[in-house]
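The structure under discussion appears below in the form of structure tokens.
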Amino acid sequence: MDTGVQTARVDLPELALAPIAAGLPEADAIRLRRAYEFALSVYADKLLGTGEPVLEHALGVVSSLAALRLDVETRIAGILFAVPQYLADSQDKLAAAFGPAVAALVAGIAKLNRLRMVTRALAGQETGAARSSQAEVLRKMLLAMVEDIRVVLVRLASRTQTLRFLAHAPDVLRRPYAQETLDIFAPLANRLGIWQLKWELEDYAFRYLEPELYKTIASMLDEKRDEREKFIAAAVAALEAELRGAGLRAEVQGRPKHIYSIYNKMRGKSLDFSELYDVRALRVLVDSVKDCYTALGIVHNRWTPIPKEFDDYISRPKGNDYRSLHTAVVGSDGRPLEVQIRTHDMHRHAELGVAAHWRYKEAGPGRAAARPDPFDEKIAWLRQVLAWRDDVAESVDWVDQFKRTALDDTVYVLTPQGRVLDLPQGSTPVDFAYHLHSDLGHHCRGAKVDGVMVPLNYKLANGQRVEIIAAKTGGPSRDWMNPALGYLQSSRARNKVRQWFNLQALAETVAQGRAVVERELQREGMTGANLDHLAQQLGYARSEDMFAAAGREELGAKQLQTALRGAAPAGPEPESLLPGKIKADAKGSGILIVGMDKLLTQLAKCCRPAPPDAIAGFVTRGRGVSIHRRNCRDLQRLASLHPERMIEAGWGQQKDGVFSVDIVVQAHDRQGLLRDISEVLSREKINVTGVNTQSKQHMAYMSFTVEISDLEQLHRTLALIGDVQGVLTASRR
């Protein structure tokens with residue numbers, strides 16, 4: 001509950017035992033009186049953080065628990081909720097005075113109270129979807145933190161009493177409580193089916209957060225809630241009599257819609273208040289589908305139906321298989337009244353199955369038909385147990401049903417910043433680290449739980465605060481993958497560790513393969529060769545793939561040598577030049593060689609020269625003259641090693657020749673980028689003979705090998721590619 005350290009003297013009236021002991025046997029009523037006297041001696045003049053006297057708060061809590069018809073142990077725990085804060089060794093003393101069950105309940109309440117700072121910080125930490133997701137985790141955590149669900153019921157009653165007390169408090173005090181209520185406590189009450197508390201929690205919170213809207217809707221109702229409740233009670237009695245007179249066995253329920261619910265419906269469906277017909281509603285439960293339609297006729301006979309306000313979800317169920325008859329009628333006072341008619345089986349499905357009302361309201365119609373998770377199914381079981389408590393024989397202990405219900409197979413822990421994470425039961429600090437971030441997991445070297453150092457295979461428990469001690473370098477230990485050592489529980493963490501080791505193995509293989517390729521390049525005298533082009537010639541998309549294949553010995557030295565000798569200038573070996581100064585046109589090449597007549601020429605693939613590039617030749621062994629651009633780095637390296645093999649060259653008459661050049665493009669990666677660039681090349685009638693693309697961190701790196709007739713065509717094409725959306729640079733390699 002909402003405890004504090006203030007103290008003041010408050011005169012309390014003597015306990016009015018009858019209301020809070022309603023429904024209890026005499027012996028239990030005596031125990032409740034003893035609990036009050038014990039609390040009076042401990043609380044004295046103590047105040048909560050809100051300024052409310054502790055004893056006054058306790059009595060308000062117990063009155064709500066009594067209205068829910070909860071057992072005496074729960075009511076005693078509600079009175080003694082704050083005892084651990086003011087009394088040393090409270091656990092032992094409470095167990096001795098009121099029994100271990102009460103002591104356990106009070107301890108559970110104190111445990112939940114320690115989460116107050118986390119729940120109240122939610123609104124300030126998160127926004128939008130992130131806040132909604134964190135609120136859901138917090139709600140699950142509150143339920144998972146307790147061994148007895150009655151602790152949560154006491155907590156809901158306590159929050160209801162706090163909001164009642166804050167009715168005249170300043171906004172700065174009550175707004176944080178109101179927001180926390182809408183985020184955490186009202187949805188919990190809704191899921192557990194605690195309607196008596198749910199409507200109060202929501203209406204008070206709405207009143208404190210949106211006072212003007214609250215007043216507007218309240219004025220539209222033109223009647224107080226107790227008046228609406230009296231009307232509903234009279235309508236229930238009248239309809240039950242009509243159905244009974246027709247020989248129909250039926251159960252009629254009624255509940256007036258509260259202000260926050262009206263506001264939500266008006267906002268969610270964009271309706272005016274005059275378009276709402278379910279401000280007051282009845283529900284009729286019968287045995288068969290035939291009885292549903294019989295009851296519908298009786299309802300329409302008693303009250304005047306409102307045109308176009310009838311929906312038959314029995315013959316046409318909703319997408320989540322929700323089935324019911326909905327109709328709206330004019331009540332005896334001239335105001336609209338909604339009536340829902342369904343069988344008992346339909347009602348159980350609507351309340352506990354995939355069509356559950358609380359799930360529909362929280363998730364929205366788009367998610368209502370989705371398959372519920374196991375946690376939802378457990379909530380449905382708790383709702384069912386709560387509903388049964390009024391019907392089962394005294395020999396059946398419904399409280400034990402609560403205690404035996406395992407609420408979740410998840411553990412909820414806190415980050416140092418107070419954020420809640422949900423992990424599989426049995427998770428360790430290593431699982432926690434990987435859940436936050438892969439790098440934090442890889443560098444995890446130690447952990448503190450609630451400020452105390454623990455081993456990395458320590459099993460985390462609900463509500464613990466975990467801090468990871470990380471190294472700047474290094475990686476995971478192979479011991480973490482050993483199931484017998486218990487370092488990892490979540491499959492997510494195991495996959496990340498496995499991926500890390502796979503990447504390390506791949507990196508080692510690539511390094512070994514790179515060494516193999518570089519050794520062959522040195523042997524052939526081609527250390528400046530374009531590795532991406534070499535990889536493509538060998539059938540690999542990237543040079544890294546080629547290195548990996550070489551490291552795995554899938555790519556042999558002979559294959560590399562063959563590719564190198566056929567793809568680019570071979571390793572230069574000294575060879576005397578033939579004398580001569582005659583100038584001739586190399587046969588069919590369109591290249592003029594100084595000093596050689598009709599010599600075999602080939603355009604170097606390392607720089608791919610094209611007219612009117614300044615060019616020079618290099619005499620190779622057995623493959624004629626290799627023609628390079630004069631600024632080619634490979635040519636400059638060869639010239640420094642063997643200057644005697646350099647030869648002058650120039651472009652002769654070009655007769656409809658084409659030349660291969662490499663284009664490199666850097667752009668922001670997006671869908672359709674390659675298609676748009678290809679369309680430019682197609683419009684310019686440029687043939688593409690090779691493509692290589694890579695994407696890293698939302699950037700695209702592309703290289704194209706194209707055939708052009710001259711550099712003017714190339715420059716025009718590069719300019720057009722540069723105009724493509726997202727392209728940053730387009731240039732010749």
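- In this structure, CE on M346 lies 12.5 Å from CD on Q340, to the nearest 0.5 angstrom.
- At a threshold of 4.5 Å between non-hydrogen side-chain atoms, the residues F165 and L48 do not count as touching.
- The number of heavy-atom neighbours closer than 6.0 Å to CZ of R249, taken from other residues, nucleotides and ligands shown, is 12 or below.
- In this structure, the ring of F38 has its center less than 6.0 angstrom from the ring center of F98.
- Taking all atoms of both residues into account, the shortest heavy-atom contact from L105 to A77 is CB-CB, 3.7 Å.
- Atom CZ of R175 and atom OG1 of T181 lie 12.5 Å apart (nearest 0.5 Å).
- Between the side chain of Y208 and the backbone N or O of A167, at least one donor-acceptor pair lies under 3.5 Å.
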Item to check | Full working for side chain to side chain contact (heavy atoms under 4.5 Å, CB included) between Q464 and Y458 | outcome: CA-CA 12 Å; Q464 291 182 325; Y458 172 85; 2.9 Å; yes
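- With T415 as reference, L436 is the one residue of V420, V466, L436 to meet the side chain to side chain contact (heavy atoms under 4.5 Å, CB included) rule.
- Closest heavy-atom contact between A157 and L65: CB-CD2, 3.9 Å.
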Next on the checklist: side chain to side chain contact (heavy atoms under 4.5 Å, CB included), that's the test. Do Q85 and K46 meet it? Break it down for me.
Outcome noted: CA-CA 11 Å; Q85 183 175 352; K46 304 295 191 301; over 6 Å; no
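- Atom CD of E467 sits about 9.5 Å away from atom CE of M453, to the nearest 0.5 Å.
- Between S90 and V106 the shortest side-chain heavy-atom distance does not fall below 4.5 Å.
- Shown here are the ring pair (Phe, Tyr, Trp, His ring centres under 6.0 Å) partners of Y434, two or more places apart in sequence or in another chain: H442.
- Two residues are said to be in side-chain contact when any heavy atoms from C-beta on lie closer than 4.5 Å; L423 and S490 fail this criterion.
- Between R33 and E37 there is a side-chain heavy-atom pair separated by less than 4.5 Å.
- Atom NZ of K459 has more than 12 neighbouring heavy atoms from other residues, nucleotides or ligands inside a 6.0 Å radius.
- Counting heavy atoms of neighbouring residues, nucleotides and ligands inside a 6.0 Å radius, atom NZ of K93 exceeds 12 of them.
- A 4.5 Å side-chain heavy-atom check between Y204 and L166 finds every atom pair outside the cut-off.
- Within the 4.5 Å cutoff, the side chain of F185 has no heavy atoms near those of the T160 side chain.
- For the residue pair V54 and A82, the shortest heavy atom distance occurs at CG1-CB, 3.9 Å.
- Residue L156 holds its CG atom at 12.5 Å from NZ of K198, rounded to the nearest 0.5 Å.
- N457 pairs by the side chain to side chain donor-acceptor pair (under 3.5 Å) definition with nothing, not counting sequence neighbours.
- Between the side chain of D431 and the backbone N or O of L488, no donor-acceptor pair lies under 3.5 Å.
- Rounded to the nearest 0.5 Å, atoms CG (L197) and CZ (R155) are 12.5 Å apart.
- Contact annotation: the side chain of L456 never approaches that of T428 to less than 4.5 Å [non-hydrogen atoms, C-beta and beyond].
- Panel note: side chain R34, backbone A97; a donor-acceptor pair is recorded below 3.5 Å.
- The shortest distance between side-chain heavy atoms of L182 and Y260 falls below 4.5 Å.
- Among residues two or more places apart in sequence or in another chain, the side chain to side chain contact (heavy atoms under 4.5 Å, CB included) test is passed with P170 by V172, L173.
- A distance of 11.0 Å separates CZ in R207 from CD in E200, rounded to the nearest 0.5 Å.
- Between V102 and R31, the shortest heavy-atom distance links the atoms CG2-NH2, 4.2 Å.
- Contact record, R164 with S63: NH1-OG, 4.5 Å, taken as the closest heavy-atom pair.
- In this structure a side-chain-to-backbone donor-acceptor pair under 3.5 Å is missing from S427 to Q489.
- A salt bridge is absent between D28 and R75: the closest approach of a Lys/Arg side-chain nitrogen to an acidic carboxylate oxygen does not fall below 4.0 angstrom.
- Nearest heavy atoms, A35 versus I76: CB-CG2, 3.7 Å.
- Aromatic ring orientation, Y43 versus F81: tilted (interplanar angle from 30° to 60°).
- A donor-acceptor contact closer than 3.5 angstrom links the side chains of Y322 and R342.
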Checklist entry - Passes side chain to side chain contact (heavy atoms under 4.5 Å, CB included), I184 versus R159? Steps please. => result CA-CA 11 Å; I184 307 297; R159 175 46 57 96; over 6 Å; no
